[in-house]
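What follows is a set of notes on a single structure, which appears directly below.
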Amino acid sequence: MTVLIPTWVGGDLVAVEKLEAHQRGLRHKAVSVFVMAGDDLLIQRRALGKYHTPGLWANTCCTHPNWGEDPEPCAHRRLTEELGITGLSLTHRDRVEYRADVGGGLVEHEVVDIFMARLPERIPLDPNPEEVMETRWISLNTLNLALATHPSRYTPWLRIYMQEHAAQIFA
């Protein structure tokens with residue numbers, strides 16, 4: 001299945017196949033979601049079948065909008081597709097840009113709309129095994145310690161978010 005994502009080529013926003021955007025390191029749109037229950041963040045470990053960063057821990061949900069798809073509906077769609085989560089109230093926290101080597105000659109150069117959901121308690125999950133191999137609720141302090149101790153277990157973008165953008169995300 002061909003997935004076209006919004007990508008800048010020569011200054012114009014155009015539809016480019018997702019893998020090609022990563023192979024060429026093109027700047028493209030993305031969405032990231034952080035779901036908190038009390039003081040704990042829901043993180044996911046990416047399925048081993050993912051074409052980059054398989055088996056690494058990431059934030060609750062991260063994806064690329066389809067061509068013509070707005071960021072918030074994209075965030076809701078992927079929460080459902082990846083984790084079986086529906087009906088959350090999302091707050092737009094920020095838009096950030098980063099560039100990271102994700103291995104295998106692939107580069108994520110993303111302009112990311114970041115969303116947050118704060119819940120009073122943990123909710124039931126129904127992870128899609130093609131997307132997610134494991135989930136975990138973790139305190140931000142424990143996550144920061146884990147990132148410092150074992151950074152290779154986490155996606156480059158989660159490390160960037162926590163090191164450079166935590167104040168905007170979790171404020």
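We use all heavy atoms of the structure for the numbers below, so side chains are in, but hydrogens, waters and symmetry mates are not.
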> Is Ile138 reachable from Ile160 through a run of I, L, V, M, F, W or Y residues, each pair having side-chain heavy atoms under 4.5 Å apart?
Replying inline: yes
> Hey, does Asn59 have a side-chain heavy atom less than 4.5 Å from the side chain of Ile114?
Replying inline: no
>> With a 4.5 Å cut-off on side-chain heavy atoms, are Arg27 and Glu97 touching?
In response: yes
>> Rounded at 0.5 Å granularity, tell me how far CD1 in Ile169 sits from OG1 in Thr91.
In response: 13.5 Å
> Met133 and Leu56: same hydrophobic cluster, using ILVMFWY side-chain contacts below 4.5 Å?
Replying inline: no
>> Among residues at least two apart in sequence or on other chains, which ones pass salt bridge (Lys or Arg N to Asp or Glu O under 4.0 Å) with Arg45?
In response: Glu134
> Which residues pass the side chain to side chain contact (heavy atoms under 4.5 Å, CB included) test with Glu130, sequence neighbours left out?
Replying inline: Asn128
> Do Leu147 and Val96 belong to the same hydrophobic cluster, where Ile, Leu, Val, Met, Phe, Trp and Tyr are linked whenever their side-chain heavy atoms lie under 4.5 Å apart, directly or via other members?
Replying inline: yes
>> Test of understanding: clusters of I, L, V, M, F, W, Y form through side-chain heavy atoms closer than 4.5 Å, transitively. Do Ile43 and Ile123 belong to the same one?
In response: no
> When clusters are formed by joining ILVMFWY residues with side-chain heavy atoms under 4.5 Å apart, either directly or through shared neighbours, do Val107 and Tyr98 land in the same one?
Replying inline: no
> For Leu90, what residues pass the side chain to side chain contact (heavy atoms under 4.5 Å, CB included) criterion, not counting sequence neighbours?
Replying inline: Val33, Glu72, Ala75, His76, Leu79, Leu88, Phe115, Ala117
> Is a donor on one side and an acceptor on the other found under 3.5 Å between the side chain of Glu17 and the backbone of Leu4?
Replying inline: no
>> Measuring only between side-chain heavy atoms, which start at C-beta, is Tyr51 closer than 4.5 Å to Lys18?
In response: yes
>> Would you say that Arg95 contacts Val111 through its side chain, given a criterion of any heavy-atom pair below 4.5 Å between the two side chains?
In response: yes
> When rounded to the nearest 0.5 angstrom, what is the spacing between SG in Cys74 and CG in Asp113?
Replying inline: 9.5 Å
>> Quick check against the 3.5 Å criterion: does Arg93 have a side-chain atom that pairs as donor or acceptor with the backbone of Ala171?
In response: yes
>> Walk me through whether Arg46 and Thr155 qualify under side-chain contact (heavy atoms from CB on, under 4.5 Å).
In response: CA-CA 9 Å; Arg46 293 168 57 84; Thr155 60; 3.7 Å; yes
>> Main chain of Asp40, side chain of Ser139: is a donor-acceptor contact present, judged purely on distance under 3.5 Å?
In response: no
>> What's the separation between atom CZ in Arg136 and atom CG in Leu41, rounded to the nearest 0.5 Å?
In response: 10.5 Å
> Do side-chain atoms of Thr60 reach the backbone of Val35 as a donor and acceptor pair under 3.5 angstrom?
Replying inline: yes
> How close do Thr135 and Val132 get, heavy atom to heavy atom, and via which atoms?
Replying inline: CG2-CG1, 3.8 Å
>> Applying side chain to side chain donor-acceptor pair (under 3.5 Å) as the test, list every pair that has at least one member in residues 160-171; sequence neighbours left out.
In response: Ser32-Tyr161, Asp94-Gln168, His165-Gln168
>> Could you tell me if the side chain of Pro156 sits less than 4.5 Å from the side chain of Asp101, heavy atoms only?
In response: no
> Any chance CG of Asn144 has more than 12 other-residue heavy atoms, nucleotides or ligands included, within less than 6.0 Å?
Replying inline: yes
> Are any of the side-chain heavy atoms of Met162 and Leu143 separated by less than 4.5 Å?
Replying inline: yes
> Of all residues at least two apart in sequence or in a different chain, which pass the salt bridge (Lys or Arg N to Asp or Glu O under 4.0 Å) check with Glu121?
Replying inline: none
>> Looking at every non-hydrogen atom in both residues, tell me the closest pair between Lys29 and Pro65 and how far apart they are.
In response: O-CD, 3.5 Å
>> Return the NE2 to OG1 distance between His22 and Thr7, rounded to the nearest 0.5 Å.
In response: 8.0 Å
> Rounded to the nearest 0.5 Å, how far does CD of Glu69 lie from CD1 of Ile5?
Replying inline: 11.5 Å
>> Test side-chain contact (heavy atoms from CB on, under 4.5 Å) on Leu125 and Leu42; report intermediate values, then the result.
In response: CA-CA 10 Å; Leu125 305 172; Leu42 175 61; 3.7 Å; yes
>> Can a donor-acceptor pair be found, under 3.5 Å and without considering hydrogens, that links the side chain of Arg159 to the backbone of Tyr154?
In response: yes
> For the residue pair Ala21 and Val16, what are the closest heavy atoms and their distance?
Replying inline: N-CG1, 4.0 Å
> Roughly how far apart are Glu108 CD and Thr53 OG1, rounded to 0.5 Å?
Replying inline: 7.5 Å
>> Among residues at least two apart in sequence or on other chains, which ones pass side chain to side chain contact (heavy atoms under 4.5 Å, CB included) with Arg118?
In response: Met36, Met116, Phe170
> Does a side-chain heavy-atom distance below 4.5 Å link Leu13 with Trp67?
Replying inline: yes
>> If we ignore hydrogens and angles and just use 3.5 Å, is the side chain of Arg78 paired with the main-chain N or O of His64 as donor and acceptor?
In response: no
> Quick one: are Val112 and Trp157 in side-chain contact, heavy atoms under 4.5 Å?
Replying inline: no
